[in-house]
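Reading through the structure tokens given below for one structure.
Below, all heavy atoms of this structure are taken into account, side chains as well, without hydrogens, waters or symmetry copies.
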Amino acid sequence: MKIIKWILIIAGIIFILAVVGRYYLIPEILLPTKYSGYVEKYADEYNIDKYLVYSVIRTESGFNNEAVSNKSAKGLMQITESTGKWAAEKIGIADFDAEALHDPETNIRIGCWYLSYLLSQFNGELSTALAAYNAGDGKVREWLENNDYSSDGIILDTIPYEETLNYVNRVSMTLYLYLKVY
């Protein structure tokens, strides 16, 4: 009897660990929701999906607020100094300094505003807005005007930069996973 009792206890513990792992530990490791207070606040303020923000952060920096790209983009959402300065003026952040891009709240606030701005500039077309987030909106506008890349001037049929194409695909796949898991 004691052996059966212990087997049932161990089986119960394994079951609980499997459920907790499946529904909490594994998603939180693979698809983190760090900085949720800032993400939810600014995603809501700028009317964008919080899981899109998490997907961009995961793809851009892996949730490392000290990250710096080879193009000097900084922080969680990898904002360049020029974009940060421009966005800070638009949203009323006084005395902006590029080092503020390593501050999670400032970076997420600017990143959410910028994503919202790009989505509005590109008629809500997510892939086009993500391409602009990576390659710059000026470059994407050039592509939209080129029949080799866009048949209608609204949606990119082809993204000519492999880095940007891979970026759009990674963020899109990550977003799909966030939406599926959460």
Side-chain angles (χ1 to χ4, degrees), residues 31-65 67 69 71-145 150 152-156 159 161 163-182:
L31 299 167
T33 56
K34 295 178 184 177
Y35 308 105
S36 61
Y38 299 138
V39 169
E40 291 179 22
K41 176 182 179 180
Y42 293 113
D44 186 53
E45 183 174 329
Y46 296 114
N47 198 32
I48 57 175
D49 189 314
K50 67 183 178 182
Y51 296 116
L52 172 60
V53 179
Y54 288 128
S55 299
V56 169
I57 293 172
R58 184 177 182 277
T59 302
E60 288 285 1
S61 69
F63 289 86
N64 175 5
N65 66 303
S69 76
K71 296 179 183 172
S72 299
K74 297 177 181 174
L76 295 168
M77 297 184 75
Q78 293 291 277
I79 308 292
T80 63
E81 185 173 341
S82 60
T83 298
K85 184 177 180 181
W86 171 72
E89 288 175 15
K90 294 286 188 186
I91 60 179
I93 298 175
D95 302 322
F96 174 79
D97 179 81
E99 287 309 303
L101 293 171
H102 290 292
D103 171 63
E105 182 172 14
T106 302
N107 191 281
I108 291 169
R109 180 179 180 191
I110 289 172
C112 286
W113 177 84
Y114 189 48
L115 276 171
S116 177
Y117 168 81
L118 292 172
L119 284 163
S120 69
Q121 293 298 303
F122 296 107
N123 303 310
E125 178 56 42
L126 181 60
S127 294
T128 306
L130 289 173
Y133 194 92
N134 180 263
D137 60 337
K139 184 56 68 180
V140 168
R141 288 181 201 291
E142 287 177 27
W143 296 342
L144 288 171
E145 293 173 5
S150 175
D152 61 6
I154 298 170
I155 297 172
L156 289 171
I159 298 175
Y161 288 1
E163 175 190 334
T164 301
L165 176 62
N166 290 336
Y167 174 80
V168 169
N169 288 338
R170 281 194 325 265
V171 173
S172 298
M173 179 53 75
T174 304
L175 176 59
Y176 170 80
L177 292 172
Y178 268 103
L179 293 172
K180 196 82 169 150
V181 169
Y182 294 102

Atom CG of Asn47: over 12 foreign heavy atoms under 6.0 Å: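 Incorrect, the count does not exceed 12.
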Atom CD of Glu105 with >12 non-hydrogen neighbours under 6.0 angstrom: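 Yes, CD of Glu105 has more than 12 neighbouring heavy atoms, counting only those of other groups under 6.0 Å.
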Tell me the closest heavy-atom pair linking [X] and [Y], and the distance in Å.
| X | Y | answer |
| --- | --- | --- |
| Val168 | Ala131 | CG2-N, 3.6 Å |
| Thr128 | Ile154 | OG1-O, 3.8 Å |
| Gly75 | Ser61 | O-CB, 3.6 Å |
| Phe122 | Ala129 | CD1-CA, 4.2 Å |
| Tyr178 | Arg58 | OH-CD, 4.1 Å |

Minimum side-chain heavy-atom gap [X]-[Y] below 4.5 Å:
| X | Y | result |
| --- | --- | --- |
| Thr164 | Trp143 | yes |
| Asn169 | Leu165 | yes |
| Leu52 | Val171 | yes |
| Arg109 | Trp113 | no |
| Thr80 | Leu101 | no |
| Ser127 | Leu156 | no |

In Å, rounded to the nearest 0.5 Å, how long is the span from [atom1] of [X] to [atom2] of [Y]?
| X | Y | atom1 | atom2 | value |
| --- | --- | --- | --- | --- |
| Glu142 | Asp137 | CD | CG | 10.5 Å |
| Ile91 | Glu45 | CD1 | CD | 8.0 Å |
| Lys41 | Cys112 | NZ | SG | 11.0 Å |
| Ile110 | Lys74 | CD1 | NZ | 11.5 Å |

Just by distance, do the side chain of [X] and the backbone of [Y] share a donor-acceptor pair under 3.5 Å?
| X | Y | value |
| --- | --- | --- |
| Asn65 | His102 | yes |
| Thr174 | Ser55 | no |
| Tyr114 | Ile79 | no |

Parallel under 30°, tilted from 30 to 60°, perpendicular over 60°: which one fits the rings of [X] and [Y]?
| X | Y | value |
| --- | --- | --- |
| Tyr54 | Tyr51 | tilted |
| Tyr167 | Tyr133 | parallel |
| Tyr117 | Trp86 | perpendicular |

Trace of the side chain to side chain contact (heavy atoms under 4.5 Å, CB included) decision for Val140 with Leu144: CA-CA 6 Å; Val140 168; Leu144 288 171; 4.2 Å; yes
Steps toward side chain to side chain contact (heavy atoms under 4.5 Å, CB included) verdict (Ile155, Asn123): CA-CA 9 Å; Ile155 297 172; Asn123 303 310; over 6 Å; no
Residue that, paired with Thr59, satisfies side chain to side chain contact (heavy atoms under 4.5 Å, CB included) out of Met173, Gln78, Arg170, Met77: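 Running side chain to side chain contact (heavy atoms under 4.5 Å, CB included) over Met173, Gln78, Arg170, Met77 with Thr59 returns exactly one hit, Arg170.
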Step-by-step side chain to side chain contact (heavy atoms under 4.5 Å, CB included) determination, Ile108 to Ile57: CA-CA 9 Å; Ile108 291 169; Ile57 293 172; 4.1 Å; yes
Step-by-step side chain to side chain contact (heavy atoms under 4.5 Å, CB included) determination, Val39 to Thr33: CA-CA 9 Å; Val39 169; Thr33 56; over 6 Å; no
